[in-house]
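So you know, we letter chains A, B, ... as the sequences are listed, proteins then strands, and number each from 1. The model shown is predicted, which means the values in this text are computed figures rather than measured ones.
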Amino acid sequence: MTPSVMPEAARKPSSGFDLKLYGPFLALAALIVLGTIVNPVFLSPGNIGNVLTRTAFIGIIAVGATFVITAGGIDLSVGSLAAFASGVMIVVMNALVGSMGAGLPVILVGVLVALGLGLAAGLVNGLLVTKGRMEAFIVTLGTMGIFRSLVTYIADGGTLSLNSEIRTIYRPVYYGGVFGISYPILAFAVVALIGALIMYRTRFGRYCAAIGSSEDVARYSAINVDRVKLLAFVLQGVCVAIAVVIYVPRLGSASATTGLLWELEAIAAVIIGGTMLKGGYGRIWGTVVGAVMLTLIDNILNLTGAVSVYLNGTIQGVIIIVAVLLQRGTVARR
Amino acid sequence: MAEPLLAAFGVTKSFGPVEVLHGVDFTVLRGEVHALVGENGAGKSTLMKILSGFHRPTSGAVRVDGRSVSFSGIGAAEAAGVVLIHQEFNLAEHLTVEENIFLGRELRRGPFLDKRAMRERSRAVLAELECSVDPRTRVRDLAVSERQMVEIAKAMSREVRVLIMDEPTAVLTGTESAVLFSLIRRLRDQGVGIVYTSHKLDEVRAITDRVTVLRDGHHIATRPTAELTEDDIAQLMVGRAISDLFPAKTPPAPDAPVVLEARGIDVPGWVRGAGFDLRRGEILGFAGLIGAGRTELAEGLLGLRRRTAGTLTRNGEPLRVRRLEDAVAAGIAYLTEDRKGKGLLLAKGLQPNLTLLALDRYGRVFVDERREASALERAVREFDIRVRTLDVPVGSLSGGNQQKLLLAKTMQVDPDILIVDEPTRGIDIGTKQQIYQFLHDFARRGGSVILISSEMPEIIGLSHRVMVMRSGVVTGILEGDEVEEGEIVRYATGLKGRTSSRPSQGDAHDAVGHA
Amino acid sequence: MTFRFGLAAALAAGLMVAPVAGWAQQKIKMGVSIPAATHGWAGGLNWHAQQAEKRLEKQYPNLDVVIVTARDVGRQANDLEDLVSVQRIDALVILPFESAPMTDPVRAVKQAGKFVTVVDRGLTDPSIQDLYVAGNNPQMGEVSARFMKEKMGGKGDIVVLRGIPTVIDNQRVDAFMKEIEGTQIKVLGMQYANWNRDDGFKVMQDFLSRFPKIDAVWAQDDDIALGVIEAVKQAGREKEMFILGGAGMKDMIKRVMDKDVLVPADVLYPPAMIAEAMEITAKHLVEKAPIQKEYIIEATLVTPENAAKYYYPDSPF
């Protein structure tokens, strides 16, 4: 009855489309130039190494977050989960020193515990969202509070410290490396690479984007929507666990402040990288760049005395907004 | 019966270059119930929207009490006492019943809402409707039929002089309909003019005083209801020769094997005890009015909707379908009626859309994008999808091209059975013809098609047999010469076949035996 | 479903029990309102408060101690209202989240006729409090600066890691800067590390990249100091500098005790002050013991000689 007056596909892809694609990379380049101007030390291998190593935690978590967000969800519990998994990992390893002695097996058990915990937490979040038919925001807001208070509880409000012998054996996982590249950087690279393969080359990645675009279309395309969403949350949990495995050897401790606001940093990294917050479109390499940018901003501020420390937040905010503006600006103009 | 309350003279309406109403005259007298009937697409909705101020006529005049008016939106029409009750409801789901009834004209005492007065008046109006809904209930918690009552209550709480009802009984049960009819009679006796549209011709006969028939946007006839039989009305509604849009039918051999057999399918709220046989090489039409439960039956078969009873047999073997994947694995594919909401990812390109349903056929672990690209090239050629470049978002394609892409997507799984739901909705005639040809060829090559359509010519032009549904029940299966518009309308409107709206499952099995 | 029901039931039970407990007792009731254990020092605070509760309730059988913890100013203000109206306390011991915003809520408690002890962070109107127990923030900055001056011979390059932008941090840093004025000690850089180990680590890493020569680090807080130590070790520059923290965390005291060259000393700002405040208040309530208006806890310099005295191995902090 309504006559079809839809115009034929007339619009050619505008040149701005490219900028949207490369926006995060341009912003990163600009930030690197800025850093070099501020302080030449910025480009020293030592500093670059520090920055990338530090990025690894948020970066690995953000790779997981990219899947959850692409599939139209959100996970606010990652920071708390990191703290909780770190805490449990430390407690377990400390407890095992007595019976197993300080050695590699203890660390291996600790790593398995962390991975198991990450997986289980992802499963819980995912099941509550899919089978419980609840908003991901509320589910993970709840688990965020739960994990955070659990770590506070097992640490008695204070700090859990890793047994010093174990620490000595485990320490190189953060501080060591091969060919001058630290293990956290390598882990980050491997996770990102696998993440990119999954996102861009597998059905699962495609399904995440489809579900984030329209759950109905996905369902009518014979996609098991619940299973895909559940898997995305599990993937996120495992990513958090991997981050924990390389975080614990850094300071050998966990407390109620561990991983505070990591969820926001991870989500920010994902969005700066060009993934859409409302889902449907995910970019792993963009996320990697976003995570590096977030660390770079702090790093540059620490490397200069030119800006009052009181204004740190302003600079961070402005850079984040400009970076995203660069990426979206052309879209708005269309 | 002197001065008409509301009148339209020579009203035409165009959307863009397409004229959908051609000089229609229509009057509503004080104290009459005037039926407005016609097939889907005949122009009823447009005329009602013009009468109630939603649309402005392109030419012609609308008069209230003899004065020419130009409603600038529904507010003005309602102020003049003309109220339209929509088929798709116009209620704020999260507000309560009383808040909805008084929405936009809340009663006040000083600066504050006079909640008590509004509640009392709401209660009074609902009582008059014999509706037991508490005015404090939120609308989202109401059943569909109760929402209909709230809509009516909302209209009645205004100083209504002309009430326009768009298929009000489509969602009501028999008892609820009876209440509505007594209410309509009461309003009529109070001098209200009522415009009543319905596909159910028995209802038209029962409660209307005059009938106006529209066909293809033309005014065909206005007669006193008493002078017409239901058959006459159906004849007036149809009266159209079927053009050669359709390829010549090639029915399957009488001994063609049954590839899909459905028995006793129940979809809660929609379908009761439906069953049918589908043969190899056959196009089986599903006819019926909107809301008869055809889509819901299909979705129930396919695992897209909860099914509480029924069995499926595929090539003689029992088939269990719990999710759409199971149906696809059994060689059954579905083309949804909701192209934009359920069919295509509008923001994505053609390639990911094309392969989404059949992605597991493009590589075991990794998706082979080169194979996808060549599949797209093939689909563009085969289905004649016209785009300048292949990397545009699907949302920017025309409806016809979207539909062809959706068909191509559905065909990616190489189905033996294709269930197409409103396959030509909102697309131009050229594309329609291509889709008809495709369905015809598919069946000739040994495929089987279930064609759900509300466009009568489509059903008649393509189907080898037609299953007619009414209110969730199969009322008849027609074949050969019976596949004819008047006959289908008779079954669809309840003139023939099962008349009770909720028969037992056993009756439905009889309907299958009829085939 | 069961989960939801369980939660609701727990909430309902909690709501019902609380007021009953409030009516039932005829004891003297002391409310303690402190920040939740969201960082190391506050964790220590909570631990000491709980220890003091056990000790005092044993010592004075007719005393009931109620500890509530809050995550921010708004919640702390709500807690005070509950303590007065629901718990019907006789005295309040409070460590305010922030000075200015908590002044009026505490004034309301005072006006309700309760005894008020303020700990650590002074209110903007000191006339409200009956008793003030505090560490000495300016003195902490001074003592730290004096130690560094001495240790460095009055000259050298240092970096400063600050806490969270608050009055406490400002008082410490201002006093520190005033004390090193006129010396040849140069502050190369200053950044916030939020009293947090991870941030201490990151900021120090960057300071190490930025400055080829650093003679000393004033980390001001032991959590920050622990992060700093890791960063310095990673860079292999342990021999170049020493680190001065603050508070009196057991890990740090242990290092001082063990004569760690990287950590030659620590400056006390003990979370145990809450216990002290509770004890003085309880003594006054129960025994009507006379009190001074102010107890200022000295910012003692902890060195290998006196470290054993300040070492609590059981404390989580």
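Within 6.0 Å of atom NZ in C/Lys239, 12 or fewer heavy atoms from other residues, nucleotides or ligands are found, so the atom counts as exposed in its surroundings. A 6.0 Å sphere centred on CD of A/Glu135 holds no more than 12 heavy atoms belonging to other residues, nucleotides or ligands. Other residues, nucleotides and ligands contribute at most 12 non-hydrogen atoms within 6.0 Å of the CZ atom of C/Arg71.
The shortest non-hydrogen separation linking A/Leu303 to C/Ser209 is CD2-CB, 4.3 Å.
Partner of C/Asp206 under the side chain to side chain donor-acceptor pair (under 3.5 Å) criterion, chosen from A/Asn39, A/Asn302, A/Thr304: A/Asn302.
For A/Asn50, the parts lying under 4.5 angstrom from a heavy atom of chain C are both the backbone and the side chain. Neither the backbone nor the side chain of A/Phe42 comes within less than 4.5 Å of any heavy atom in chain C. Neither the backbone nor the side chain of A/Ser44 comes within contact range of chain C; no heavy atoms are under 4.5 Å apart. Proximity to chain C is limited to the side chain of A/Arg171, based on heavy atoms less than 4.5 angstrom apart. For A/Ser161, the part lying under 4.5 angstrom from a heavy atom of chain C is the side chain only. In this structure, the portion of C/Asp251 lying under 4.5 Å from any heavy atom of chain A is its side chain and not its backbone.
The most heavy-atom pairs under 4.5 Å with chain C, out of A/Thr295, A/Thr258, A/Thr159, come from A/Thr159. Between chain A and the options C/Met190, C/Lys233, C/Lys202, heavy-atom pairs under 4.5 Å are most frequent for C/Lys202. Note: C/Phe201 leads C/Tyr192, C/Trp47, C/Phe201 in heavy-atom pairs under 4.5 Å with chain A. When the candidates A/Thr152, A/Asn47, A/Asn299 are compared by the number of heavy-atom contacts under 4.5 Å with chain C, A/Asn299 comes out ahead.
The backbone N or O of A/Leu301 lies less than 3.5 Å from a partner atom in the side chain of C/Gln191, making a donor-acceptor pair.
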Mind running side chain to side chain contact (heavy atoms under 4.5 Å, CB included) on A/Arg250 and C/Asp198 for me, showing each step along the way?
-> CA-CA 9 Å; A/Arg250 176 161 100 177; C/Asp198 282 305; 2.7 Å; yes
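Residues A/Ser253 and C/Arg197 have side chains that bring a donor and an acceptor to within less than 3.5 angstrom of each other.
Taken from CD in C/Gln234 to OH in A/Tyr174, the straight-line distance is 6.0 Å, to the nearest 0.5 Å. Interatomic distance, CG of C/Asp223 versus CG of A/Leu251, reported as 10.0 Å (0.5 Å rounding).
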